[in-house]
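Residue numbers begin at 1 in each chain, while the letters A, B, ... track the order of the sequences.
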2 protein chains.
Amino acid sequence: MGIAVGKSIKEAEKFCKENDLKFTPVRRKVLEILLQKNKALGAYEILDLLREAGFKNQPPVAYRALDFLVKNGFAHKIEQLNSFVGCMHPGKDHSPAFMICRNCDFVSEEEAINPNFSVSKIASKAGFKVEKAVIEARGLCHSCASMA
Amino acid sequence: MGIAVGKSIKEAEKFCKENDLKFTPVRRKVLEILLQKNKALGAYEILDLLREAGFKNQPPVAYRALDFLVKNGFAHKIEQLNSFVGCMHPGKDHSPAFMICRNCDFVSEEEAINPNFSVSKIASKAGFKVEKAVIEARGLCHSCASMA
DNA sequence: GCGCAAATGTTATGTTATATCATGGAGGAC
DNA sequence: GTCCTCCATGATATAACATAACATTTGCGC
């Protein structure tokens, strides 16, 4: 396990303790899987990895853990891929924007907050009150672009 | 049929003629459905409406027509809902941002282009080359917000 | 008419996600 | 400590979304 993964897990543990959330074994394991793989994984891929690790592997096992992680900011869903990534900036209040490489599937999480723009700004013109914004770009990551 | 719907259909027809695209009956009908309903529809809802209109209703019928419409800019997929909307600004080169009301399911399409912001700007810091950006906000539309 | 390419018809299946009810386990009230 | 409640998990089933693969038809240039 990378050291960064261990650190993130510890932070999640601490956050849960402070907020009366139960960081159960299956939730911890799913977060470890997401952080270790460091790419977008579908629920059923996660399920396979859970089985390998000795957990039960019916779909609700993965979806429940993922719901928990997403709801509490430890992971994000990538809507375009119907898959999930571990959060790179847990704990902090943030507006993520995801960059999804079409060649290598790597997903990087950037901060979308920008004083010049915001989805809210577009929205307010339309009289719309934003509660959650999804920003996902598809394209080529630096390393794949330079190979092409 | 609303007059605006007829107008959009005519524009689509013209665009297809000019670009050697076949605006076949099923493609036309799906676009009509999307424009008339003026909200996000799942492929299987569209399929039901196609059947009512006398078309075949196996899944590929809807998905193929939707692929055509999305590819050519006559419709968009709303990733968060796994559903589709007719395009409000067809023909023009555009970067849509969608506002999805969680109360009434109405989806409005705004223009996200802004020279100062852009997903590309966030991306370029990350060395990422954007080919397509998905921006979808969830929240409350003006009319639902004022009722609350 | 013939041949090609694209669209449609048709069957089957793959993939993603949730509903529902049963069971278990930790922690508080008493 | 025991009972109770709440939430998590176990387990089964099915719903919802999407595509693969191959056959058939249609429109069009020659």
Side-chain angles (χ1 to χ4, degrees), chain A residues 12-13 16-31 33-34 39-51 53-72 74-85 100 105 107 134 136, chain B residues 12-13 16-17 19-31 33-34 39-51 53-72 74-85 100 105 107 134 136 138:
Chain A
E13 195 166 38
C16 287
K17 219 165 242 165
E18 291 168 358
N19 293 275
D20 276 319
L21 300 169
K22 295 181 186 174
F23 198 49
T24 62
V26 66
R27 290 168 178 177
R28 169 190 297 261
K29 186 67 196 177
V30 172
L31 182 54
I33 288 169
L34 290 172
K39 63 170 192 168
L41 295 174
Y44 284 74
E45 293 177 86
I46 290 166
L47 217 43
D48 287 343
L49 296 168
L50 283 177
R51 182 181 42 238
F55 289 85
K56 293 294 157 95
N57 69 116
Q58 300 91 332
V61 172
Y63 283 103
R64 285 165 176 162
L66 288 165
D67 283 350
F68 172 87
L69 295 174
V70 169
K71 190 168 150 197
N72 296 112
F74 303 129
H76 300 287
K77 180 169 188 179
I78 305 299
E79 298 287 348
Q80 288 187 75
L81 302 179
N82 294 316
S83 61
F84 300 84
V85 292
I100 306 162
D105 283 338
V107 176
V134 168
E136 298 176 3
Chain B
E13 196 166 38
C16 287
K17 218 166 244 165
N19 293 274
D20 276 318
L21 301 169
K22 296 180 185 174
F23 199 47
T24 62
V26 65
R27 291 167 177 178
R28 168 190 298 261
K29 185 67 197 174
V30 172
L31 182 53
I33 288 170
L34 289 173
K39 62 169 193 167
L41 294 174
Y44 283 71
E45 293 177 86
I46 289 166
L47 217 43
D48 288 342
L49 296 168
L50 283 177
R51 183 181 42 238
F55 289 85
K56 293 293 156 93
N57 70 116
Q58 300 91 332
V61 173
Y63 282 104
R64 285 166 177 162
L66 288 165
D67 283 350
F68 172 87
L69 296 173
V70 168
K71 190 169 150 195
N72 297 112
F74 303 130
H76 298 288
K77 180 169 189 181
I78 306 298
E79 298 287 348
Q80 287 186 76
L81 302 179
N82 294 318
S83 61
F84 300 85
V85 293
I100 307 162
D105 282 339
V107 176
V134 168
E136 299 176 3
R138 285 272 241 170

* So, do B:L34 and B:I46 sit near enough that their side-chain heavy atoms are less than 4.5 Å apart? -> yes
* **Qualifying residues under side-chain hydrogen bond (donor to acceptor under 3.5 Å, both in side chains), relative to B:Q80, sequence neighbours excluded** => B:E136
* To do: Using whole Å, report how far CD of B:Q80 lies from C1' of C:dA17.
  => 16 Å
* Which heavy atom of A:G42 sits nearest a heavy atom of A:S83, and at what distance? -> N-CB, 3.7 Å
* Taking side-chain hydrogen bond (donor to acceptor under 3.5 Å, both in side chains) as the test, write out the residues that go with A:R28, two or more places apart. => A:E13
* What pairs with A:R64 under salt bridge (Lys or Arg N to Asp or Glu O under 4.0 Å), at least two apart in sequence or on another chain? -> none
Distances under 3.5 Å between protein N/O atoms and the N/O atoms of nucleotides 9-13 of chain C, please, pair by pair.
{"residue": "C:dG9", "atom": "N7", "partner": "B:R64", "partner atom": "NH1", "Å": "2.9"}
{"residue": "C:dG9", "atom": "O6", "partner": "B:R64", "partner atom": "NH2", "Å": "2.6"}
{"residue": "C:dT10", "atom": "OP2", "partner": "B:K56", "partner atom": "NZ", "Å": "2.8"}
{"residue": "C:dT10", "atom": "O4", "partner": "B:R64", "partner atom": "NH2", "Å": "3.4"}

* To do: Please list, chain by chain and in numerical order, all residues satisfying side-chain hydrogen bond (donor to acceptor under 3.5 Å, both in side chains) with A:R27, sequence neighbours excluded.
  => none
* Asked: Should the pair A:F68 and A:F74 be assigned to parallel (<30°), tilted (30 to 60°) or perpendicular (>60°) ring geometry?
  -> tilted
* Structure fact -> B:K77 meets the salt bridge (Lys or Arg N to Asp or Glu O under 4.0 Å) criterion, sequence neighbours left out, with none
* Locate the shortest heavy-atom distance separating B:Y44 from B:P59; write the atom from each residue and the value. => OH-CG, 3.3 Å
* **Rounded (10°) bend between the five-pair end axes of the helix from C:dG1-D:dC30 to C:dC30-D:dG1** => 20°
* Asked: With a 4.5 Å heavy-atom cut-off, do A:I33 and A:L50 have their side chains touching?
  -> yes
* **side-chain contact (heavy atoms from CB on, under 4.5 Å) partners for A:K39, two or more places apart** => A:K37, A:L41
* Structure fact -> 5'-most to 3'-most nt of DNA chain D touching chain B (<4.0 Å, heavy-atom partner on protein side) reads D:dC17 to D:dA21
* Please report, rounded to the nearest Å, how far the P atom of C:dA17 is from the CG atom of A:L81. => 11 Å
* List for me each residue that meets side-chain contact (heavy atoms from CB on, under 4.5 Å) alongside A:N19, sequence neighbours excluded, and say none if there are none. => A:F15, A:L21
* Asked: In residues 20-30 of chain A, which residues come under 4.0 Å of DNA chain D by heavy atom?
  -> A:K22, A:T24, A:V26, A:R27
* To do: Name all residues meeting the side-chain hydrogen bond (donor to acceptor under 3.5 Å, both in side chains) criterion together with A:N57; count only those two or more places apart in sequence or in a different chain, and write none if there are none.
  => A:R51
